[in-house]
Amino acid sequence: MQTNLFLAGLILYPAITIAALATSSKAKMFFRQTILWLILLANLMFLVFSVITFISGRTFYITPYQLTASLQFDFAVDRLGAFFMGTTSLVAVSVSCYSLRYVEHSGTDAGKNVMAAITSLFILSMLLVIASANTFSFLFWWEIMSIASFFLVMHERDKSETRKSALFYLIMTQMSTVFLMFGFLAIYAVTGSFNIQPVSGISLPLASAIFLSLFIGFIIKAGVMPFHKWLPYAHSASPSNISALMSGVMIKVAIYGIVRYLMIVFSPVWWWGLIILVFGTFSALLGVIYALKEHDLKKLLAYHSIENIGIILIGIGLYAIFRSYGLQDLATLSLLGGLFHTFNHAMFKSLLFLTAGSVVNATGTRNIEEMGGLLKTMPYTGVLFLVGSVAIAALPPLNGFVSELMIFQSFLQSFTVVGPLLKIVMFAGLALFALTSALAAACFVKAFGIVFLAMPRSEAARKATEVSPYMLFGSAILAVCCIFSGIFSYQIFMALGYNLAIPDMMLIGLLLLIALITVWLAVRVFANRKTRISETWGCGLTSQNSRMEYTASGFSEPILTIFRPVYRTNKWSERWFFDAGNSLFKNGHAAIRTFKLFEEKIYLPVARFVQRFSLYVANLQDVDLDTYILYSFIAIIVLVLTMGWLV
Amino acid sequence: MTETIVFSNIVKILFVFVLGTAALVITRRTLSSLFTIYSIQSWFIAIIAMILYLNNHAVTLLLIALLTVASKAIVIPAVLRRIQFSMNIKRDLEFRYLTPIGSLLVSAVLVFLVYRLFSQYLLTISGDSLLLFGAVIGISLTLMGMLVIFTRRKIITKILGYLTMENGVLLFSLFIAELPFIVEVLIVIDLIMLIVLAAILAFGIDSTVEVFHEKLNSFTNWFRDE
Amino acid sequence: MDLILFAYIAAGVLILSLMGRSLPEASGRNSFLNTLTIIHSAIYLIISTVILVFVPSGTFYFNRYLFVDSLVTYEIVIASAIFLLSACYARGYVRSLLEAGEIKARELRLFYIAFNLLLLTVIFAFLCNNLALFWILLELTTILSAVLIVTLNAKENILAALKYVFTASTAMLFSIIGLIVLFAVTSRAAGSGTLNWDVLMREANILPPQLFTLSFIFIFIGFAAKAGIVPFHMWLPQAHAKAPSVISVLLSAVLLNIGAYGILRMYAVAHKTTSSHIISIVLIVFGILSIAVAALSMLPRGNVKKLIAFSSIEHMGLIMVGIGIGTPVAIFWVLFHTLAHALVKTQLFFSAGILHQQYGSNQFDEMKNALTLQPLASWGLITGSIAIIGVPLFPVFLSKLNILTQLAGYSLPALLIVLVLFLVVAGAFAAILIRTFTQKSESKYRTYRTSASMTIPMLVLFAAILLLGVYFPDGLHRILDNIVDGLGF
Amino acid sequence: MDFVVYTLINTIFVLLISPLFMSLIKKVKAFVQGRRGPPLLQTYFMMGKLLKKERVYSANTSLVMRITPYIEIIFILVASLSVPLVFIPQPVAGIGNVILFLYLMVVAKFFMALAGLDAGSTFGGMGSSREMTFSAIVEPVVIVAFAAMGLVLKTANLHQMFGISLESALITNPAVLLTSVSLFIILIVETSRIPVDNPETHLELTMIHEAMILEYSGPDLALMEISHAVKQTLLIAIPVNILVPWGLTASPTVPGVLLAMISFALKGSLVAVIIGFFESMFAKSRLFRLPGLFMLALFFSFSTILFELLS
């Protein structure tokens, strides 16, 4: 059953790509719809496949294609692989359902066909990266994933901002491949084979070097702090269904890599776990702090992906520390927390991106300062966005809370167990982690409040209308998953055989329901049922317009002032005067500029250095004949000298 | 016994003459004198080959000597003079990177360097010190030829530098091991074709493109009828 | 079996004599001469495939001056295939050059004679067993390709050809010194001096290692110049950029291979002597140096053909590194890489040729709304550069990955350096392509109609590249295996 | 079965007792200012009056405004289950989990902030922006305080904490004293008392909590006030029941529960008086000086941790 599902999926995706590419110039809407329905079908097949493999618990082996004796594509899907493939295909199902109507909005016919084609290749490559059992096919599909997502980011290529972010994205993915290749090839040099299996008999320094290079390779792709800069650019530049796929699932493939190599290939040393923990904590904290100052809806969500990836890394870091100290049950708790948060983040982040996509489509802008009051004009999208925000802000009944609770639990229980120095680190980690999740709640109050509540702040927001039912249904699948996996989390874990000391959310949900019914009845019986509509209290001002409302920058201004050292905001102003003596002020403007630390301090200097150095090398060669011969002359002399001395 | 000492003295004198001509090639400015120096140099190498033939009676040495005289002493200088006449350039004044004195200093250092580095290897092949000395002179002559190429401005002088390099290689082969004669002949033919092509390109550089192409074509028609 | 050799020579002489006779006027002349060239290269392809299939490796002709073994047949098939493809492409390309006035009608005879002579010399260069004869034929290819570069009606071509001739031949002179030393060494060690590959292979273990390394270094200087290895690569970008695209295909995909073939043969001999580790250090250092200089000088490039030329230098550097490592797997994938690189490079230059005809210049900034005007050429260039960077669905990924795997076994720091350099290359290609193919301009361009003779080779090439990237035929696997055993790895 | 009895008793008792503490604090502040202040049952009368009034909603408000009061009250009530005021039941499926308790209150805060924004008035926006900022800054302090207590009492479940404090008289243990100081500061912040925010005033620039519920009227306002009062009682109950646990009973016997109720009422009113005096002693501090106060609480919790590690 599983084999033919897997093979059917393996054949269907490339067939879709080829069909869509072949007819890309002529195909009209009907043909494109069939293509998208086929992609939906393929995703469903893989979803069923991964659910079966996950439940059956047996590892599923298959070697569909052999290139040469040493290079072959063999796939092995164990429980971990099935879990990640399940998440990927679930998100892919909802995104492809969403993009049935979303694709119609932007671009020419040919562009839309090419996008559909490359999306199917993109989804297939992600699934096969997770399933691949040897590093050759891992790298093969990893590269296809990067190039396919690069083309998808380039979809709206006439905007200069898209070009910049697409180039930035490609360079970062290629850099991650450099580190990954270094790690994989070093393992190949030691073990002599490509397949992913426990590596034994490695000296610690070499193992640490390999682990570090793999770790850096994966966190570049996952968008962790020092290497995160491509994520906000790529997500705001690419169409929403693609950024939902990218941030919902592609980042998870990198997390899968870390977990696979940490759990199976290497046995972690405690300071590895510490490194992961430190990277995770700072990535989470700075991710949410930068999200707070962001007023572009998709960039805000992108920064939140960085924050949630940080949280997942905290879970994995704790797992590595506990495992190196031999605390088995704590290790499983924190790992399950990390993995469950991966699943949750895939759910609510894709939900948020899809609903954000509908909002951006309806209002035509990404800037939340120009939105407002959309809950009344787009009620269903509003409710879905609310479910997403409640989940991401880790509020109890939903799934975001359960996974963060598990990580909190492993933090709390670790104090009684771990050595003194590490306890201090744990406390600091706990404090920063709590600050992160609280700031996330604040950020999503801002996002939901400014976008959906009160009065529309621009003409476009006023005329926004609800999106098509397909798009709503796509997001609704994810919302239902969020709610379902939140409330029945305890039961799911029990079914899978892990009984964890976490509160039973189903009981809490029940209690909430009972309380709601009793209070509602009490109010219905005792309270007065008359309601009246009048206008908001404005200290006696009669004309009530949207300029009176709180804006997004106003909302986040207190936090910005408290975290000023992080933002290093500098106040910039310029003035023009009528007279030379600068006394008669003509006009001028001022702005608070947040200092882009990473961009100015790390990325641009490196890029400039490479540019200057390569210009120098290039000018070295644009010379005339005499200098050519001079170079050869010097080269021969040097060669003869070294040979004379060496041989 | 005596005649071997006399023989090695004569060869050493000829080496000095060859190095002298190389120095002259580096420094001289007028093209016609350069061509005569080149043919004298080829004569000296032919004489060395002849003397070596007298010493160990290898037939190829005699043939190489005759070939060198025929090609490098007579034919190539004639071709170069005819090309120089049609380009009517008299002198090559500018120097680049190294003034003549600088080049001479560098070539002296080169000779010493090559000797210092390669003595212990080449000794095992060449047997006695005279042959080693000849090989070292050959390699340094090649390096001096290369020196000429990148210090002189005009293409014709660069061609001449290339020819002296080729002479150095020939000298080196005389003392280390003569390649089969057929190979030597092919090398010379190849050298002539290279010189003619380089000359035409040099001619093209100075004149307009049309004149160049029509000259190139006339050359090919001549080539085709043969 | 001398019959096959004479078939080559007979075909060559017949075609050349036909070309010598009186020719129809302008456009008729091009198609007449072009059909002759196509027939000529087609015959060569057929003969080489016949040799590949029927002739057992190790047969000698022409009293041991020429010989055939599995490596030779492999290289001949690639060379004649590339010549056939460029001959078809040339039909349309040269006609548009004629219309654009970049080439004169009376030049055509010279162009095609040189083209066919070059094919002849390339095939015989691979065939010859004697190192000196190989050297002479290499010199001949330099002269003929210089003539081919000069046929275009532009001043800088002459300068480019001159630079090419001088840089290549000065370096080649040093390899004669190497030959002479080798000849002396073999005559001293084994009685009679020899320069034939098979004899050298047999006597390799009795050759004194130090002297052999000395001769290897001198010979390496010459062949490195022909293969475009860094200190001697200066002529390559200039020659490729100025030459007509058909010729830069030959320069890049065929002539560089001969240089690399010579070095591979010499290394096969060196591998048997005891001093092979010094030689592999030299090769790897020069290889990494070439990748570095090529990678760094790609970024500020404005000219498409120069960019592609630098990527050839980079791939030759990778081949040097592969040969330097010297394990059988590395050599296996080096051979595969020569084939892959030749195909992808031809595709790139063909698309660059069409874009040149469309915009009249090679500068990237001139190429406005290329995707709409020339979709085939632009997508050819995009898929070509993606293939050359080493993206999975294309063959270069397989060879790059496996050569680096062997490099990992050799030394990890070197692996890191090479990987970072490939990152710079990918960044450069991406930056340039994104900037070029998103340039828009309202001004009306007349679209250059690419004739069928140009599109067919490109489609054939694209199919071959994609097929090679995904499916690895066993026949090819067997050929490469016997080559690796033949070379004694 | 025992759990159902516990829920009934605990919820009803908390609903009854909390308005008393609110009016007691008002009474103490009035007494300090030399006035007689409103009668003790004033808060009950206010609830009754509000229930009878009609609801007035602004035109801009949406669904969020209407559902927030209900969400407020039901989340606070479920949170109250994890703080046993009178008797400690057998632990049921992690109800007493500290993180769950805190996050249930965060939900209430989250929706109150949204409601503040919904009306579209400047005060509501300012209130929710400041509320969310300072609750974000105080969150790590709260969790570290509870973690420190967890470290001291070796458990992360409130029910077990109260159980342990029942057996061993913890009043003498210095570490617990330190955490209770930081818990008291957290109480002041969470229930927006004087140094952080002024609960009585309606002066636009100074109110944070009040600003968010400015737009509410009638039964909604009543629900919001009740949930605020219950939250305050819960935060009073935690330090009280840990430091002075003698009233608590483990078994649900009628006399035991009655005694526990009386003892908790006394203890609670004592703390309410302390709060009243505390509020009268301070003036409202400047907004961006508050993080300094939070750091004080954090300092106390860290000293507890160090204390615990060293001993």
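For the numbers below, each heavy atom of this structure counts, side chains included, while hydrogens, waters and symmetry mates do not. Chain A is the first sequence line, chain B the second, and so forth, proteins listed ahead of strands; every chain is numbered from 1.
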Heavy atoms of other groups near Tyr65(A) OH, more than 12 under 6.0 Å
yes
Testing the basics here: between [X] and [Y], what is the closest heavy-atom pair and its distance to 0.1 Å?
{"X": "Leu296(C)", "Y": "Phe613(A)", "value": "CD1-CE2, 3.1 Å"}
{"X": "Val617(A)", "Y": "Val293(C)", "value": "CG1-O, 4.1 Å"}
{"X": "Ala635(A)", "Y": "Pro231(C)", "value": "CB-CB, 3.5 Å"}
{"X": "Lys163(C)", "Y": "Leu625(A)", "value": "CA-CD1, 3.7 Å"}
{"X": "Ala408(C)", "Y": "Ala186(A)", "value": "CB-N, 4.5 Å"}
{"X": "Ser614(A)", "Y": "Pro300(C)", "value": "O-CG, 3.9 Å"}

Give, for atom [atom1] of [X] and atom [atom2] of [Y], the distance between the pair rounded to the nearest 0.5 Å.
{"X": "Asp474(C)", "Y": "Thr68(A)", "atom1": "CG", "atom2": "OG1", "result": "10.5 Å"}
{"X": "Phe166(C)", "Y": "Ser632(A)", "atom1": "CZ", "atom2": "OG", "result": "12.0 Å"}
{"X": "Ser213(A)", "Y": "Leu416(C)", "atom1": "OG", "atom2": "CG", "result": "8.5 Å"}

Please look at [X] and chain C and tell me whether the side chain, the backbone, both or neither of the residue comes under 4.5 angstrom of a heavy atom of that chain.
{"X": "Ile634(A)", "value": "neither"}
{"X": "Phe150(A)", "value": "side chain"}
{"X": "Tyr616(A)", "value": "neither"}
{"X": "Leu67(A)", "value": "both"}
{"X": "Val640(A)", "value": "side chain"}
{"X": "Ile210(A)", "value": "neither"}
{"X": "Leu615(A)", "value": "both"}
{"X": "Tyr188(A)", "value": "side chain"}
{"X": "Asp622(A)", "value": "side chain"}

Parallel, tilted or perpendicular, as decided by the 30° and 60° cut-offs, for the rings of Phe397(C) and Phe140(A):
perpendicular
Filtered by a 4.5 Å non-hydrogen cutoff, the part of residues 163-178 of chain A contacting chain C is Arg163(A), Ala166(A), Leu167(A), Leu170(A), Ile171(A), Gln174(A), Met175(A), Val178(A)
Would you please name every residue forming a side-chain hydrogen bond (donor to acceptor under 3.5 Å, both in side chains) with Tyr13(A), sequence neighbours left out?
Asn43(A)
Set of residues satisfying side-chain hydrogen bond (donor to acceptor under 3.5 Å, both in side chains) with respect to Glu161(A), sequence neighbours excluded
Arg366(A)
Between [Y] and [X], is there a side-chain heavy-atom distance shorter than 4.5 Å?
{"X": "Thr405(C)", "Y": "Phe184(A)", "value": "no"}
{"X": "Asp624(A)", "Y": "Leu159(C)", "value": "no"}
{"X": "Leu412(C)", "Y": "Leu206(A)", "value": "yes"}
{"X": "Thr642(A)", "Y": "Val282(C)", "value": "no"}
{"X": "Thr438(C)", "Y": "Met154(A)", "value": "yes"}

Is it the side chain or the backbone of [X] that comes within 4.5 Å of chain A heavy atoms, both, or neither?
{"X": "Thr167(C)", "answer": "both"}
{"X": "Leu407(C)", "answer": "neither"}
{"X": "Gln439(C)", "answer": "neither"}
{"X": "Ile221(C)", "answer": "side chain"}

Only pairs at least two apart or in different chains count here, so list each salt bridge (charged side-chain N to carboxylate O under 4.0 Å, His left out) that has a residue in residues 413-441 of chain C.
Asp365(C)-Arg435(C)
Most chain A-contacting option - heavy-atom pairs closer than 4.5 Å, from [options]:
{"options": "Pro392(C), Ala431(C), Ser297(C)", "answer": "Pro392(C)"}
{"options": "Leu393(C), Thr170(C), Leu162(C)", "answer": "Leu393(C)"}
{"options": "Val420(C), Val470(C), Leu404(C)", "answer": "Val470(C)"}

